[in-house]
Amino acid sequence: MPCNEKELLASRHPCYSADSQHKFARMHLPVAPACNIQCNYCNRLYDCVNESRPGVTSEILTPEQALAKIGVVRSRLDNLAVIGIAGPGDALANWEKTRATLVGIKENYPDLIPCLSTNGLLLPQYAEELVNLGVGHVTVTVNSINPVLSEKIYAYIEWEGVRLKGTAAMQKLLDNQMAGIRILAKYDIMIKVNIVMIPGVNESHIPAVVAAVKEAGASLTNIMPLIPAAGSGFAHLPQTSNRDVAAMRDACQTVLPQMRHCRQCRADAIGLLAQDRSAEFRDTPSCPSGGCGGKKTSEEFTVEGNKYRVAVTSKYEKLVDQHFGHAERFLIYETDGIQSSLLERRDAPKYCSGNDYCESEEESKQETVRKLADCAAVVTMRIGNQAKERLLTQGILAVEACNEISAGLAMAVKQLILKKAG
Ligand code: SF4
Ligand code: SF4
């Protein structure tokens, strides 16, 4: 049972309390696109890896749009408890937007718990203001406390408009992270420290990081796997295995409590941790144009030339080897038919589990199609006519293929271009 205000707030925050992850929803506001450092595991085409999955692009909202969207989401999610600012860049590197959003939350939604994540470079500068704005939970990513090792993890920092490299720059980042944590701890703020476990780079150093952030005042650490992002400095490294992450958490548990249920959420995630409902709110009518405004069609996701967002059904992520009706997870790519990047793995209800069930689950079928609403096409091994037509009514082309994913994507782009040409 929580016995003080801090514990009470933490007990309603799905990330700080494993027990509440199935009860309370959180909403991330993607109001912070810029970043002031370059982590070698990050490709800035995508969201901040420190608080979201690599390869997941988000809409960007203005503070006004974000605040309007909270109202809409809250009217439909009565368990909404936490509002977080988690990128897609660094919350503090976009201070004016972040502050305006936090002021709006404090004035309009005082019962919701504001939360924020940062790389920590600007934390000493803004920590007290965060406290005054009512932020009770802050996540800081600290991957190293050794500036020489940090040089392997970060390409540079940007400080007062100047790009800085080398150990002095890394020491600046480290000093600011630790100073920021200390200031927040002084005000009894809940501090979670994220640590990306990078194979062959910082693994053996992680216990030292955990001990240092504990000493500075952190309440828990969240050791996360490296998920290599295409185009990043660490794209060539393997993904950290779940087993290695679990073993490291076990080893560090004696020093600080470990978060073990992090989902590495999108910067625009909405809902329970295990059930992202952000796709449902992307056509939120109360938001002005752009961002979440208006239903986006697949055409609007064409980035330039003939790039499309395409969903793929695949069991092992190599071949198009799964029936559309059996897929519970879609790989979402952005592709021009030649070059493709995996944006995310998106869960959706099974469209069909067999004929009888298939006839009866109308709501679930609609939900599957809704989940793919931002895609121009679905590449799948087999698909029934009814499903094909249902997708088509939403402007989504179904393409059957049974070869490698890259070949299936090329086929889909070809068909989309032909379709566009009339
Ligand atoms: Fe990318 Fe986040 Fe690192 Fe910035 S802080 S470079 S957005 S991972
Ligand atoms: Fe919580 Fe992890 Fe999602 Fe952040 S990324 S909201 S810590 S589950």
Side-chain angles (χ1 to χ4, degrees), residues 15 28-61 84-95 97-98 115-126 130 138-145 147 149-159 161-165 169-170 172-178 180-181 191-199 201-202 209 213 221-235 237 239-240 262-269 341 343-344:
C15 309
H28 281 172
L29 302 176
V31 295
C35 192
N36 49 4
I37 68 173
Q38 179 60 59
C39 306
N40 286 334
Y41 46 73
C42 177
N43 178 348
R44 291 301 336 279
L45 284 175
Y46 309 131
D47 283 354
C48 176
V49 182
N50 293 334
E51 193 67 352
S52 51
R53 286 173 292 166
V56 182
T57 46
S58 298
E59 58 190 358
I60 305 295
L61 302 182
I85 300 178
D90 181 73
L92 301 183
N94 299 263
W95 180 242
K97 291 176 186 150
T98 295
C115 165
L116 174 144
S117 70
T118 175
N119 59 45
L121 182 61
L122 293 175
L123 199 47
Q125 198 170 327
Y126 297 122
L130 288 175
V138 176
T139 296
V140 189
T141 299
V142 183
N143 297 309
S144 156
I145 55 164
L149 176 60
S150 298
E151 274 193 277
K152 295 186 183 158
I153 301 174
Y154 306 100
Y156 59 80
I157 66 168
E158 272 172 15
W159 183 253
V162 181
R163 188 167 289 192
L164 303 173
K165 297 180 174 188
M170 299 301 119
K172 177 100 197 151
L173 174 61
L174 173 59
D175 289 347
N176 285 11
Q177 289 169 332
M178 291 300 171
I181 292 172
I191 304 153
K192 170 165 70 70
V193 169
N194 283 354
I195 306 169
V196 183
M197 184 172 173
I198 308 162
V201 178
N202 70 343
V209 177
V213 299
T221 54
N222 175 20
I223 300 168
M224 311 191 300
L226 171 78
I227 303 176
S232 71
F234 287 155
L237 292 182
Q239 179 165 340
T240 323
C262 178
R263 301 281 174 154
Q264 293 184 263
C265 310
R266 309 167 54 96
D268 60 356
S341 53
L343 299 182
E344 65 175 295

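Position 1 is the first residue of the sequence, and the numbers go up from there. Order of appearance sets the numbers: ligands from 1, and atoms from 1 within every ligand. Side chains included, hydrogens not; waters and symmetry mates left out as well; all remaining heavy atoms used.
Each of the atoms 5 (S) of ligand 1 lies under 4.0 Å from some heavy atom of Asn119.
Residue Cys42 does not count as close to atom 3 (Fe) of ligand 1, with no N, O or S atom under 2.8 Å.
Heavy atoms of Ile37 come nearer than 4.0 angstrom to ligand 1 in at least one pair.
In terms of the side chain to side chain contact (heavy atoms under 4.5 Å, CB included) criterion, residue partners of Thr240 (sequence neighbours excluded) are, by chain and number, Met197, Pro199, Pro225, Leu226, Asp244, Val245. For Asn40, the side chain to side chain contact (heavy atoms under 4.5 Å, CB included) criterion is met by Ala155, Phe234, not counting sequence neighbours.
In Cys39, the parts holding a heavy atom less than 4.0 Å from any atom of ligand 1 are both the side chain and the backbone.
Tested against Lys152, the residues Ile198, Val201, Asn202 include a single side chain to side chain contact (heavy atoms under 4.5 Å, CB included) partner, Val201.
In terms of modelled atom types and a separation under 3.5 Å, the side chain of Asn36 and the main chain of Glu158 share no donor-acceptor contact.
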